[in-house]
Amino acid sequence: MIKVEKIGKGTYFEDAYKLSFRYDPVTVAKVKELAQRRYLPDDRAWEIPSFELPNLVEKVGLNNISAEDRLIGALRSQEIEDKREATEKRLKGIKPVVNFSFTTAPLPHQIEAFNYGMERDRLLIGDEQGLGKTKESIDITVARKRELVKTLIVCGVNSVKYNWEKEIATHSKEKAAMIDGRTMDIRVAQINDWYTGAEYFGIINIESLRNEKIQDALYVGIKDGYIGAVIVDEIHKAKNGSSQQGKALRTLKTPIRIGLSGTPMNKAEDLWNILTWLGVEKRSFYSFRNTYCIMGGYGGYQVVGHKNLDSLNAELNKVMLRRKKEEVLDLPPKVHSTEYVELTRKQQLIYREIKQGIINNLEDILTSVDPLSCTLRLRQLTGGLFTEDNPKLDRVKDMLDEEIIPNGYKAIIFSQWESITSIYLEALREYNPIYITGKVSPEDRQKAVERFQTDPECKLAIGTIGAMGTGLTLNKASYVFFVDKLWNSGENEQAEDRAHRIGTAGTVNVISLVAKGSIDEGVEEYLIENKELFERVVDGKGRKTDVQTILKKLLKL
């Protein structure tokens, strides 16, 4: 870490900054690359003129600089502006390198990724969430279908398989085979059926790769030419080359290999397995580590620093394309997406019991004043009540830990029930969240908002849609999660607009958490496609047949 202090008129420069850091040959070499710099032996520090600051940031990265908040803010703004200008120049007038009929129109930065994938057989797409990594990889592999025969998608997070199924249907005319049987023998049979079936994409989770029968079946599919490409989503989950799934990754030796990850991988040792699978790294793990890692600690077995990073970046740049939201100007103001989760077995049992109770009393419910209230317990169950199991919370925490917080962003979490928001508050205290429900006074709400907006350590806002969804400005958030939604789509939109307001920096990602096979799916569908019917019933103006139609859809009767 380099400490940067403004000193005004210095020993050598009129408008100068002093750089102080613990001796490290790599950092010294970086500083010496600056055209104007002088060493201050008495201070054991360096002096540079102000115009060299941007060059310093470019060489060492803003995350490796310690300075006053005002200076860091100015440097970050300048860094973003420079990247935006470079990206805009690079993407201006960009066109696909091959004639391809896109199912959904690509944005300029997505055309850049498409071209990147058409010109390379190995690539790592490191775009941040919301930029469309999934669409980009679907377009690339569909455009190369003739040479590939089939493409296998390996999901680093099991529940993401449903997102892929939906995205494939949205961004292509291809079908997908889900390889998710209850036993490994069934999954092997599904793989073999896929080889001879009409589906172009096969979807499997990364944990399945640990099984030798699965590995053998996939090896045969690759050897016999059925599988021409593999897409590994959230590939950082396989970064440990000595783990079962890390080893299994290296067996997937298809002609085309695409890794996807929006997670910053700042440790050199985390890149070996991924770069080896992508074919750009040929050395053993220990040779790779000795080249790029400084070892120390007890027994000399701990990585205490890094070296030769220019060489590592050159190796990474052979396959990696990474764009951040802040530098891409072609994005819409809000990007909506769905994150699917699977209810645990315990949740499924309780869900079926509650659902049967509703079915048994359906005739009385259809004529009640508030018929949709019968679904309350089902919706609360999927949000995390009634059991200790909480797949939605697990997925939120995974995304916060892996991508959102490491990339320097903040997030908002909404539920309509305080009983659910309290669960998230307790589980996510490490992010120093603010908490706003109906019990919080207007004065305390405003204090909480100010803390969220100004405190860099406060990463999260958690609250109910009713209390936190109107009248507040939380535009420091780049992500909005809905654990559940109100029946009224307008109030949900008003809540997500707490982040999307004047002064918002960049696109806001709005993420709906949906339990697969549950009432959540019906709610999402009605909020998007059948608003009028939904709102008529919610307002008490719907006929009995309207209520019956909605409940049958929600309960999957």
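When reading the values below, keep in mind they use all heavy atoms of this one structure, side chains included, and skip hydrogens, waters and symmetry mates. Small disclaimer: the values here were computed from a predicted structure and weren't measured.
Considering only residues two or more places apart in sequence or on other chains, Val26 meets the side chain to side chain contact (heavy atoms under 4.5 Å, CB included) condition with Asp24, Lys307. Tyr162 meets the ring-ring contact (aromatic ring centres under 6.0 Å, His included) test with no other residue; sequence neighbours excluded.
Nearest heavy atom pair, residue Ala499 against residue Ala477, reads CB-O, 3.7 Å. Here the closest non-hydrogen pair linking Asn432 and Cys458 is O-SG, 3.2 Å. Residues Leu148 and Thr141 share a closest heavy-atom pair of CD1-O, 3.7 Å. Across all their heavy atoms, Leu260 and Leu124 have their closest contact at N-CD1, 4.4 Å. The two residues Leu249 and Ala238 make their nearest non-hydrogen contact at CD2-CB, 4.0 Å. The two atoms that bring Ile203 and Cys155 nearest to each other are CG2-SG, 3.8 Å, heavy atoms only.
If you check the side chains of Glu281 and Asn273, you find no donor sitting under 3.5 Å from an acceptor. Using modelled atom types and a 3.5 Å distance limit, the side chains of Asp139 and Gln110 yield no donor-acceptor pair. Side-chain contact, Arg395 with Ser159: no donor N or O sits under 3.5 Å from an acceptor N or O. Judged by distance alone, the side chains of Thr151 and Tyr200 do bring a donor and an acceptor atom under 3.5 Å apart. Using modelled atom types and a 3.5 Å distance limit, the side chains of Asn290 and Ser287 yield no donor-acceptor pair. For the residue pair Lys485 and Ser512, a side-chain donor N or O sits within less than 3.5 Å of a side-chain acceptor on the partner.
In this structure, the side chain of Asp270 does not engage the main chain of Lys239 through any donor-acceptor pair within 3.5 Å. For the pair Glu342 (side chain) and Lys516 (backbone), a donor-acceptor distance under 3.5 Å is absent. Distance alone, capped at 3.5 Å, places no donor-acceptor pair between the Arg289 side chain and the Val303 backbone. In terms of modelled atom types and a separation under 3.5 Å, the side chain of Glu174 and the main chain of Phe201 share no donor-acceptor contact. Distance alone, capped at 3.5 Å, places no donor-acceptor pair between the His109 side chain and the Arg323 backbone. Remark: side-chain polar atoms of Asn308 are paired, donor with acceptor, to backbone N or O of Thr291 under 3.5 angstrom. Counting only distance, with no hydrogens or angles, the side chain of Thr263 and the backbone of Glu402 share a donor-acceptor pair below 3.5 Å. Remark: the backbone N or O of Met178 is not paired with any side-chain donor or acceptor of Glu165 at under 3.5 angstrom. Looking at Glu52, its side chain does come within 3.5 Å of a backbone N or O of Ala35 through a donor-acceptor pair. In this structure, Trp277 contributes its side chain and Leu252 its backbone to a donor-acceptor pair below 3.5 Å.
In this structure, Phe114 has its ring center under 6.0 Å from that of Phe102.
With a 4.5 Å cut-off on side-chain heavy atoms, Asn390 and Tyr424 count as touching. Between Ile191 and Leu152 the shortest side-chain heavy-atom distance does not fall below 4.5 Å. Val188 is listed as a side-chain neighbour of Ile214, based on a closest heavy-atom distance under 4.5 Å. Using a 4.5 Å heavy-atom threshold, the side chains of Lys397 and Glu430 count as touching. Put simply, the side chain of Ile258 reaches to within 4.5 Å of the side chain of Ile140, judged on heavy atoms. Here the side chains of Val160 and Glu234 are in contact, with some heavy-atom distance below 4.5 Å. Looking at heavy atoms from C-beta onward, Val31 lies in side-chain contact with Phe21 at the 4.5 angstrom threshold. Using a 4.5 Å heavy-atom threshold, the side chains of Ile231 and Trp164 count as touching.
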Using side-chain contact (heavy atoms from CB on, under 4.5 Å), reason through Lys392 and Phe481 one step at a time and then give a plain yes or no. CA-CA 10 Å; Lys392 287 186 180 180; Phe481 289 96; over 6 Å; no
Starting from the C-alpha separation in whole Å, work towards a yes-or-no answer on side-chain contact (heavy atoms from CB on, under 4.5 Å) for Asn205 and Arg187. CA-CA 11 Å; Asn205 67 359; Arg187 293 184 192 186; 3.6 Å; yes
I would like to know whether Ile153 and Ile168 meet side-chain contact (heavy atoms from CB on, under 4.5 Å); could you show each step before the answer? CA-CA 11 Å; Ile153 297 165; Ile168 287 167; 3.7 Å; yes
side-chain contact (heavy atoms from CB on, under 4.5 Å), that's the test. Do Leu400 and Tyr479 meet it? Break it down for me. CA-CA 10 Å; Leu400 289 170; Tyr479 291 81; over 6 Å; no
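Atom NZ of Lys135 sits in a crowded spot, with more than 12 heavy atoms from other residues, nucleotides or ligands closer than 6.0 Å.
The salt bridge (charged side-chain N to carboxylate O under 4.0 Å, His left out) contacts involving residues 207-218 comprise Asp185-Lys213, where partners must be two or more places apart or lie in separate chains. Sequence neighbours left out, the pairs with a member in residues 216-263 that pass ring-ring contact (aromatic ring centres under 6.0 Å, His included) are Tyr195-Tyr226. The list of salt bridge (charged side-chain N to carboxylate O under 4.0 Å, His left out) pairs with a residue in residues 246-255, not counting sequence neighbours, is empty. Residue pairs meeting the side-chain hydrogen bond (donor to acceptor under 3.5 Å, both in side chains) criterion with at least one partner in residues 94-103, sequence neighbours excluded, are absent.
For the atom pair CD (Glu269) and OH (Tyr292), the distance works out to 13.0 Å, reported to the nearest 0.5 Å. Taken to the nearest 0.5 Å, the CG atom of Leu513 stands 11.0 Å off from the CG atom of Asp394. Atom OG of Ser66 sits about 11.5 Å away from atom CG of Leu19, to the nearest 0.5 Å. To the nearest 0.5 Å, atoms NE2 (His336) and CD1 (Ile511) are separated by 10.5 Å. Taking OG of Ser243 as the reference point, atom NZ of Lys237 lies at 12.0 Å (rounded to 0.5 Å). Atoms CG and CD, on Leu278 and Glu315 in that order, are 10.5 Å from each other to the nearest 0.5 Å.
A salt bridge links Asp497 and Lys334; the closest N-O separation between the charged side-chain nitrogens and carboxylate oxygens is under 4.0 Å. Taking 4.0 Å as the cut-off between side-chain N and carboxylate O, Lys30 and Asp310 count as a salt-bridged pair.
Only one option out of Asn475, Thr473, Val508, Leu474 pairs with Arg498 in a side chain to side chain contact (heavy atoms under 4.5 Å, CB included); it is Leu474.
Ring pair Trp272/Phe285 is perpendicular by interplanar angle, where above 60° counts as perpendicular and below 30° as parallel.
The side-chain tip of Lys410 points at the ring of Phe452 from less than 6.0 angstrom away and within 45° of straight on. Cation-pi geometry between Lys166 and Tyr340 is not met at under 6.0 angstrom from the ring centre and within 45 degrees of the axis.
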